[in-house]
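Below: one structure, written as structure tokens.
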Amino acid sequence: MIKARIISALAFALAACGQEAAESASEAPEVITGEVIARGVFEGASDHVTTGGVTIRKGADGYYVTLEEDFSLDGAPDPKLGFGNPDYAAETQFSALKSKTGYQSYKLPEGFDPTGYQTIYVWCEQFSVPLGVATLG
């Protein structure tokens, strides 16, 4: 009886692990391909530590911003993404930050052309301060 319960518990645990792995795999971020328009590396601002690469690509259906695998933000309330020339331009804000670390991609709004901007920002909307800035080149 005890042996059967242990085997049953192990089978349940293994199934749960397999399900969790399957769910994680299905939530893997989409890798964006296309022509590289610009690249940059984040530097922290306002006493925040922001690091990692950013790439802007033109895909078949528009422009994408990709924060690379090495992206990291030490934390702040309400982080958003937007562009600047070189100062932050609030009207270019296009998304809340999905995660404080790692690879993530964002499709830019239809009709928005990022090629006219020199910088990309991680911006704290709540306090209106930059958290990180990357010069695009």
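Side chains included, hydrogens not; waters and symmetry mates left out as well; all remaining heavy atoms used.
Closest of all the heavy-atom pairs between Ser72 and Thr101 is OG-CG2, 4.1 Å. Among all heavy-atom pairs drawn from Phe127 and Pro77, the shortest one is CE1-CG, 3.6 Å. Heavy atoms only, all atoms of each residue included: Pro86 and Tyr121 are closest at O-OH, 2.6 Å. Looking at every heavy atom in both residues, Gly40 comes nearest to Ala134 through C-CB, 4.2 Å.
Not a single donor-acceptor pair under 3.5 Å links the side chain of Glu125 to the backbone N or O of Lys80. At distances below 3.5 Å, at least one donor-acceptor pair connects side-chain atoms of Thr50 with backbone N or O atoms of Leu131. Judged by distance alone, with hydrogens and angles left aside, the side-chain atoms of Asn85 form a donor-acceptor pair with the main-chain N or O of Gln118 at under 3.5 Å. Here the side chain of Lys100 pairs no donor or acceptor atom with the backbone of Ala76 at under 3.5 angstrom. A side-chain donor-acceptor contact under 3.5 Å links Thr119 to the backbone of Gly84. Here the side chain of Ser46 pairs a donor or acceptor atom with the backbone of Pro130 at under 3.5 angstrom. In this structure, Tyr117 contributes its side chain and Leu136 its backbone to no donor-acceptor pair below 3.5 Å.
Taking CZ of Arg39 as the start and CD1 of Ile120 as the end, the distance is 14.0 Å to the nearest 0.5 Å. One distance of note links OH of Tyr103 with CD of Glu68; it measures 7.0 Å at 0.5 Å rounding. Atom CD in Gln104 sits 9.5 Å away from atom CD in Glu69 (nearest 0.5 Å). Remark: Ile56 CD1 to Tyr106 OH distance equals 13.0 Å, nearest 0.5 Å. A distance of 5.0 Å separates CG in Leu73 from CZ in Phe71, rounded to the nearest 0.5 Å. Atom NZ of Lys58 and atom CG of Asp113 lie 7.5 Å apart (nearest 0.5 Å).
Leu67 and Val41 sit in two unconnected hydrophobic clusters of ILVMFWY residues. Membership requires side-chain heavy atoms under 4.5 Å apart, directly or through other members. Cluster membership for Val65 and Val122, using ILVMFWY side-chain heavy atoms within less than 4.5 angstrom, is shared. Transitive grouping of hydrophobic side chains (ILVMFWY, heavy atoms separated by less than 4.5 Å) brings Leu97 and Tyr63 into a common cluster. Connection of Tyr64 to Ile37 is not established within any shared hydrophobic cluster, with ILVMFWY side chains joined at heavy-atom distances below 4.5 Å, either directly or through further cluster members.
The neighbour count for Gln126 CD, taken as heavy atoms of other residues, nucleotides or ligands under 6.0 Å away, is above 12. By the neighbour-count criterion of 12 heavy atoms within 6.0 Å, atom CG of Asp61 is densely surrounded, having more than that number from other residues, nucleotides or ligands.
There is a side-chain donor-acceptor pair under 3.5 Å between Tyr88 and Gln93.
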- Evaluate the criterion side-chain contact (heavy atoms from CB on, under 4.5 Å) for residue pair Asp70 and Thr51; output intermediate values, then yes/no. CA-CA 7 Å; Asp70 62 348; Thr51 59; over 6 Å; no
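Counting only heavy atoms from C-beta outward, the side chains of Phe94 and Phe112 never approach each other to under 4.5 Å.
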